[in-house]
Amino acid sequence: MIKAVRGTRDLLPPETALWNFVESAVRDVFRAYNFQEIRTPIFEETALFSRSVGEETDIVGKEMYTWQDRGRAESDRGQSLTLRPENTAGVVRAYIEHKLWDRGLNKLYYIGPQFRRERPQKGRYRQFYQIGAEVLGPPSAGSESPARDAELLEMLATLLDRLGITGWNLELNSVGCPNDRAKFNEALRKALEPVVGKMCADCQRRALSNPLRVFDCKVPEDQPIIENLPRISRFLDEPCRAHFEAVQAILRTVGVPFTLNDRLVRGLDYYTRTAFEFTHGALGAQNAILGGGRYDGLSEALGGPAAPGIGFAIGEDRLVLSLQESASAEAVVRRPDVYVAPLGARMNPDAARLARELRRHDLVVELGDETFRLKKSFEAATKAGAKYILIVGENEVKADAFALKNLETGEQISIVRSELAGKIQAGR
RNA sequence: GUGGGAAUAGCUCAACUGGCAGAGCACCGGACUGUGGCUCCGACGGUUGCGGGUUCGAUUCCCGUUUCCCACCCCA
């Protein structure tokens, strides 16, 4: 038997209703902030990701689905292509390619699948779904303003509240500009040198490859050492510090709670200044449901104009998971309003016409099987969760008055065709 | 990529030291031929993930493999 490949899965009803619930809430909320949707290809030139995400990151180094495309002629070597491991690079590429700044498009969101060749776990798949948004534009358009950061964070808080997710925590940090990072990295290396020998094996490796990641260490014995390491906050230059302060001031005023976490670092190379994560306790080790930050130099790194920006990505798989575990997932499934039960094949035309009329009144209609005996139709209607059953038999068609029974109350009436839709809508 | 656990009916799970593969729920039918939910009865349902080995005999023990889960790595 052929099965879905490792790390991929089918999303089945009724779970798909929950995904739709999430996505329509996202579209509603983002629209209120005047974001517009962008859809970029799910594969791109490999160079796009290695330049933006960073050659040294795990994503580029070992987690990408990359292949050599065929050229035009049999003998040609094609380009190296890669399934997108994240969507910010694609959005920025499109921004540059279509000169979106000239069209005033500076607030974009996306919803779609991404691909990373990781070891699968719960809430972590090789084809996974991200919801993200990006604010970017020329500096003259205010894209560097802390107001953009704060607005984006406030939008996310609104979204999580709207989804009924309680107990989220916003963790906030600033990773400064490249200059600050360089100075900080140097200080960090110096501080680590005398103590690294006492740390865990992972930290010893990190200290060499990517010292920032030492802050992710969860080994208890290492914590006192980590506590004493220099923090990025002390290395922010004046503009970065002021920017960070301003973001916080706005959040306090609009009433979005947050906690400062100067150990929060971002894995991708393109991040600058504001870095953030929303975490949720119920998710265990995979406790981050979304993360993001500012990437002021990304456009230029990809050969575009200066276009400071900030964005985030929500792990939709995990978001849905936390929704399933906390909220009432059942509630979002729309069940049939009415089950139309034709009694015998000769009733099919009349049943079909009635179903069509009812559906035109925005009712959810399940058209039953004409081979069912009435008892079985009732069972089928109940199982489908229909509110009403409408019986279409010879007597009803002759009289043009139909038996309509409320399956929840047991009340049954005879009702003429013209009043059917109104009656069912009223009882919905 | 590393380490550990698991895999038995559609779902949730049993099956002693190796001895006839089972239950509940679901599904289908009947009791009840134009009135559901409850109840009762019956039927259906299996390459025990896959491949090999040991054995008279393997769901059980061994090896390999695949997938999932957990912890790493890393990240959303």
Side-chain angles (χ1 to χ4, degrees), chain A residues 1-9 12 53-54 56-64 85-88 112-126 128-132 156 200-203 205-206 209-210 212-213 216-219 264-268 271 275-280 283-293 311-322 339 341-344 347 368 371-396 402-412 414:
Chain A
M1 182 175 53
I2 297 176
K3 295 188 292 188
V5 305
R6 179 180 176 79
T8 71
R9 61 189 175 139
L12 305 173
V53 175
E56 300 307 314
T57 60
D58 270 25
I59 293 178
V60 170
K62 59 184 202 189
E63 294 176 0
M64 294 205 303
E86 56 95 44
N87 217 330
T88 297
Q114 320 291 337
F115 305 85
R116 287 183 204 170
R117 204 174 175 292
E118 297 181 283
R119 186 91 167 240
Q121 254 180 70
K122 196 178 189 66
R124 174 181 209 162
Y125 304 94
R126 290 181 166 187
F128 59 103
Y129 295 82
Q130 283 188 333
I131 297 164
L156 285 165
C200 69
D202 281 335
C203 282
R205 184 178 45 72
R206 289 169 178 143
S209 61
N210 192 354
L212 279 179
R213 297 245 75 95
D216 292 338
C217 180
K218 286 157 197 152
V219 177
L264 176 67
V265 293
R266 306 268 44 177
L268 310 187
Y271 283 110
F276 59 88
E277 249 173 39
F278 281 74
T279 57
H280 191 252
L283 285 173
Q286 321 285 325
N287 68 344
I289 52 179
L290 73 92
F312 61 83
I314 301 172
E316 191 175 4
D317 306 79
R318 275 188 210 172
L319 183 66
V320 169
L321 194 62
S322 67
Y339 182 100
L343 292 182
M347 296 299 111
T371 65
F372 286 179
R373 290 188 320 233
L374 189 60
K375 171 186 167 53
K376 196 168 165 191
S377 290
F378 267 81
E379 287 170 350
T382 303
K383 193 161 63 183
K387 173 96 188 249
Y388 288 97
I389 184 169
L390 178 68
I391 297 158
V392 184
E394 305 243 6
N395 303 339
E396 283 80 1
F402 297 85
L404 179 71
K405 184 168 184 178
N406 184 320
L407 288 166
E408 289 163 16
T409 64
E411 178 202 15
Q412 180 168 334
S414 178

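Here is how names work: the chains are called A, B, and so on, in the same order as the sequence lines, proteins then strands, and each is numbered from 1.
- Applying the 4.0 Å criterion to OP1 and OP2 of B:rG1, one finds that A:Arg117 has a side-chain N or O inside that range.
- Comparing atom distances between the A:Arg6 side chain and each of B:rC68, B:rG34, B:rG36 picks out B:rC68 as nearest.
- Counting to the nearest Å, the C1' atom of B:rC75 and the CZ atom of A:Phe276 are 15 Å from each other.
- Of the candidate nucleotides B:rG36, B:rA76, B:rU35, B:rG36 has the atom lying nearest to any side-chain atom of A:Glu379.
- Rounded to a whole Å, the CD atom of A:Glu316 is 17 Å from the C1' atom of B:rC75.
- At a threshold of 4.0 angstrom between heavy atoms, the contacts of A:Ile314 with the nucleic acid are absent.
- In terms of phosphate contacts, A:Lys383 brings a side-chain nitrogen or oxygen within less than 4.0 Å of OP1 or OP2 of B:rC27.
- Only one option out of A:Lys62, A:Arg124, A:Arg6 pairs with A:Glu118 in a salt bridge (Lys or Arg N to Asp or Glu O under 4.0 Å); it is A:Arg124.
- Distance, A:Leu374 CG to B:rU33 C1': 11 Å, rounded to whole Å.
- Across all strands, A:Gly410 comes closer than 4.0 Å to base atoms (heavy-atom distances).
- Here the side chain of A:Glu118 is nearest to one of B:rU35, B:rG36, B:rA76, namely B:rA76.
- In this structure, A:Phe115 atom CZ and B:rC74 atom P are separated by 25 Å, rounded to whole Å.
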Quick one: do A:Leu407 and A:Tyr339 satisfy side-chain contact (heavy atoms from CB on, under 4.5 Å)? Show the steps, please.
CA-CA 10 Å; A:Leu407 288 166; A:Tyr339 182 100; 5.6 Å; no

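- Shortest non-hydrogen contact noted between A:Pro85 and A:Phe128 is O-CZ, 3.7 Å.
- A straight line from CD1 of A:Ile389 to P of B:rU35 spans 11 Å, rounded to a whole angstrom.
- At the phosphate of B:rA71, OP1 or OP2 sits under 4.0 Å from a side-chain N or O atom of A:Gln121.
- Here NZ of A:Lys405 is found 10.5 Å from CD of A:Glu411. Values are rounded to the nearest 0.5 Å.
- Mapping A:Ile391 and A:Gly7 onto RNA chain B via the closest heavy atom, the residue that lands nearer the 5' end is A:Ile391.
- The CZ atom of A:Phe128 sits 12 Å away from the C1' atom of B:rC74 (whole-angstrom rounding).
- The shortest distance between the side-chain N/O atoms of A:Arg119 and the OP1/OP2 oxygens of B:rC73 is not below 4.0 Å.
- The base of B:rG37 lies outside donor-acceptor range of the side chain of A:Thr382, with no N or O pair under 3.5 Å.
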Bracket string, RNA chain B, 5' to 3' - pairs by Watson-Crick or G-U geometry under 3.5 Å, | interstrand
(((((((..((((.....[..))))..((((.......))))......(((((..]....))))))))))))....

Test salt bridge (Lys or Arg N to Asp or Glu O under 4.0 Å) on A:Glu379 and A:Lys375 and set out the steps.
CA-CA 6 Å; A:Glu379 287 170 350; A:Lys375 171 186 167 53; 3.2 Å; yes

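- Not a single donor-acceptor pair, N or O on each side, falls under 3.5 Å between the base of B:rG34 and the side chain of A:Gln412.
- Spacing of C1' atoms, B:rU55 relative to B:rC62, comes out at 12 Å, to the nearest Å.
- Between A:Lys376 and A:Lys405, the one whose closest nucleotide on RNA chain B sits nearer the 5' end is A:Lys376.
- Residue A:Asp317 is classed as having no contact, given no heavy-atom separation below 4.0 Å to the nucleic acid.
- Put simply, OG1 on A:Thr8 and OH on A:Tyr125 are 10.5 Å apart, with the number rounded to the nearest 0.5 Å.
- Rounded to a whole Å, the NZ atom of A:Lys122 is 11 Å from the C1' atom of B:rC70.
- One can place CG of A:Leu264 at 15 Å from C1' of B:rC74, the figure rounded to the nearest angstrom.
- Closest approach to the A:Tyr125 side chain among B:rC69, B:rA76, B:rU35 is made by B:rC69 (side chain taken as heavy atoms from C-beta onward).
- Between B:rU33 and A:Arg373, no contact under 4.0 Å exists linking OP1 or OP2 to a side-chain N or O.
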